[in-house]
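So the structure is just underneath, and the comments pick up after that.
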Amino acid sequence: MFNKTMWILLLVGFLVNSCATTHSMDQLQGPANGNITYQTFYDDLSPYGTWMDYPGYGNVWSPNADDDFRPYASNGYWDYSDEGWAWMSDYSWGWAPFHYGRWLYDNAYGWLWVPGYVWSPAWVTWGSLDGSYCWAPLMPDVNAGAQFGAWRPHDFYWNVCPREHIYDHNLGRVLQRPGSVTNISGRVTIINNFGSTSMHNQYYSRGPAANEVAQYTHRTVMPVPIRPVNTANLVKHEGNEMHVYRPQVMRPGDGGTGRVTAPRPREFRQAQQNVARPVRIDDNWPTARPPEQRMNVQQLPVNRVGGGGSRVGGRH
């Protein structure tokens, strides 16, 4: 028979468990996503790479990654969500560069991320070629929609994967390396399957149809619902839900003072105007190796700031 002390202990245990559960649910369900500014990008990504002031695009980010790093190809996999194919990155910083903004490749500096204001499952163009699915990160100033029909990225940007392996978690072992498939942009069939973002109503590519992927992979492809979380460290695929961190990115405002104060990296390097050159469709094949590119970045002049305004990199 329970005595008074045992009843009190049971009640305390119940209250503690309820509070812990409520706290956990608040983390997941709280004020879904909240608001951030570019300062969050600058501060959160600084430990994992180098910010650069890059001609034409302002502040861009160079990740500290392995020599074979490629956006939407390294250390991650594709998962099918109710908003289309979403890139699930295993990098702790992956919540930002694979869901906001654009990527460009510079022969001297390597892969560079240009921040953006709008979240999507992935900012890529999708296509099919010779029994494979292909995807390439969108470059700055390229938007989804009708423009996809005319725009083709440089062959170096494309990732090529046999259709039967697109749902694999270890994509690195099946991706064909740049250069092993020739004239991709000239032969690829673009997949025109678009969705629109919840903010700013921008179009993005949803990727191949689920029933088509199921046919090639011989696996059931069910859309996983996206559930917003309030911190980046809660991003994961759990059970039948995809937990994503997708806060609204606020543009700089004057706050009623009449003076615009923009976020800025607390430390950045100044890219050389006569060296910076994004690889585009009409350029030659990239020749510099990643160790050389890292050295080029690290040898750039360093600027440190203690506050104030600056022009903001990124336009999307």
Side-chain angles (χ1 to χ4, degrees), residues 33-76 86-106 109-124 137-140 228-236 243-252 261-271 276 278 290 293-294 296-298 300-316:
N33 309 303
N35 297 331
I36 63 172
T37 69
Y38 270 28
Q39 195 65 52
T40 304
F41 293 150
Y42 298 149
D43 293 346
D44 286 9
L45 270 60
S46 287
Y48 307 104
T50 303
W51 286 99
M52 302 166 53
D53 185 2
Y54 188 89
Y57 296 113
N59 299 312
V60 305
W61 182 70
S62 168
N64 294 335
D66 295 336
D67 287 358
D68 60 353
F69 170 79
R70 291 178 61 80
Y72 305 104
S74 302
N75 205 26
W87 182 253
M88 303 297 289
S89 175
D90 291 325
Y91 291 112
S92 59
W93 44 262
W95 67 271
F98 302 122
H99 300 284
Y100 297 89
R102 304 287 190 266
W103 285 88
L104 62 84
Y105 189 83
D106 185 286
Y109 302 125
W111 286 105
L112 302 173
W113 177 60
V114 184
Y117 290 100
V118 184
W119 187 96
S120 87
W123 289 110
V124 301
L138 297 187
M139 297 182 69
V229 296
N230 296 319
T231 59
N233 60 6
L234 292 174
V235 172
K236 60 182 175 179
H243 296 167
V244 301
Y245 181 51
R246 54 176 182 184
Q248 180 179 352
V249 184
M250 307 299 291
R251 297 178 185 270
T261 301
R264 66 189 304 178
R266 304 180 195 281
E267 178 179 300
F268 63 93
R269 296 175 185 267
Q270 187 68 52
Q293 293 167 337
R294 283 195 299 272
N296 290 340
V297 171
Q298 295 307 312
L300 294 174
V302 177
N303 293 279
R304 294 182 176 88
V305 296
S310 171
R311 63 193 176 100
V312 181
R315 291 182 248 182
H316 303 281

task = Tell me whether the centres of the aromatic rings in W113 and F41 are closer together than 6.0 Å.
result = yes
inquiry  = I want to check something: taking the side chain as every heavy atom from C-beta on, are F98 and P71 in contact at a cut-off of under 4.5 Å?
reply    = yes
query = Side chains of Y42 and P263: does their closest heavy-atom pair fall under 4.5 Å?
reply = yes
message = In the structure I gave you, are the side-chain heavy atoms of R294 and D67 within less than 4.5 Å of one another anywhere?
response = yes
key: Under 3.5 Å: donor-acceptor pair, side chain of W123, backbone of H99   = yes
remark   = P115 and N59 have their tightest heavy-atom pair at CD-O, 3.3 Å
request  = List the atom of R304, the atom of E267, and the distance in Å for their closest heavy-atom pair.
outcome  = NE-OE1, 2.9 Å
query = Just wondering, do S92 and Y48 contact through their side chains at under 4.5 Å, heavy atoms?
reply = yes
message = Taking the side chain as everything from C-beta on, heavy atoms only, tell me whether P301 gets closer than 4.5 Å to R269.
response = no
request  = Taking only Lys NZ, Arg NE, NH1 and NH2, and the carboxylate oxygens of Asp or Glu, determine whether R266 and D43 approach each other closer than 4.0 Å.
outcome  = yes
ask   = Heavy-atom distance under 4.5 Å between the side chains of M52 and V60, does that happen here?
value = yes
message = Y91 vs S74, test: side-chain contact (heavy atoms from CB on, under 4.5 Å). Steps then yes/no.
response = CA-CA 9 Å; Y91 291 112; S74 302; 3.8 Å; yes
note = CD (Q248) and CH2 (W119) are apart, to the nearest 0.5 Å, by 14.0 Å
task = Would you name the heavy atoms of A96 and L45 that are closest together and state the gap between them?
result = CB-CD1, 4.2 Å
L300 to A271 - nearest heavy-atom pair and separation = CD1-CA, 3.9 Å
Inter-residue atom distance N35.CG - M250.CE, 0.5 Å rounding = 5.0 Å
message = Determine whether H243 and L234 satisfy the following criterion, side-chain contact (heavy atoms from CB on, under 4.5 Å), listing intermediate values before the conclusion.
response = CA-CA 7 Å; H243 296 167; L234 292 174; 5.6 Å; no
query = What do the steps show when you test R264 against V305 for side-chain contact (heavy atoms from CB on, under 4.5 Å), and what is the final call?
reply = CA-CA 8 Å; R264 66 189 304 178; V305 296; 3.3 Å; yes
request  = Could you grab the distance from atom CZ of F268 to atom OG of S62, nearest 0.5 Å is fine?
outcome  = 15.5 Å
key: Pair Y109 + W51: ring centers closer than 6.0 Å   = no
request  = Tell me, with the steps shown, if Y54 and V114 meet side-chain contact (heavy atoms from CB on, under 4.5 Å).
outcome  = CA-CA 10 Å; Y54 188 89; V114 184; over 6 Å; no
Side-chain donor-acceptor pair present, Y245, N233, cut-off under 3.5 Å = no
key: Nearest atoms (heavy-atom pairs only) where Y100 meets P247   = OH-O, 2.6 Å
remark   = Note: D106 and Q293 closest approach over all heavy atoms is O-NE2, 3.6 Å
inquiry  = Is there a side-chain contact between N75 and S89 in this structure, where contact means two heavy atoms from C-beta onward sitting under 4.5 Å apart?
reply    = no
request  = Measure the acute angle between the ring planes of Y105 and W111, then classify it against the limits of 30° and 60° as parallel, tilted or perpendicular.
outcome  = perpendicular
ask   = Would you say the side chain of V244 lies within less than 4.5 Å of the side chain of W95, judging by non-hydrogen atoms?
value = no
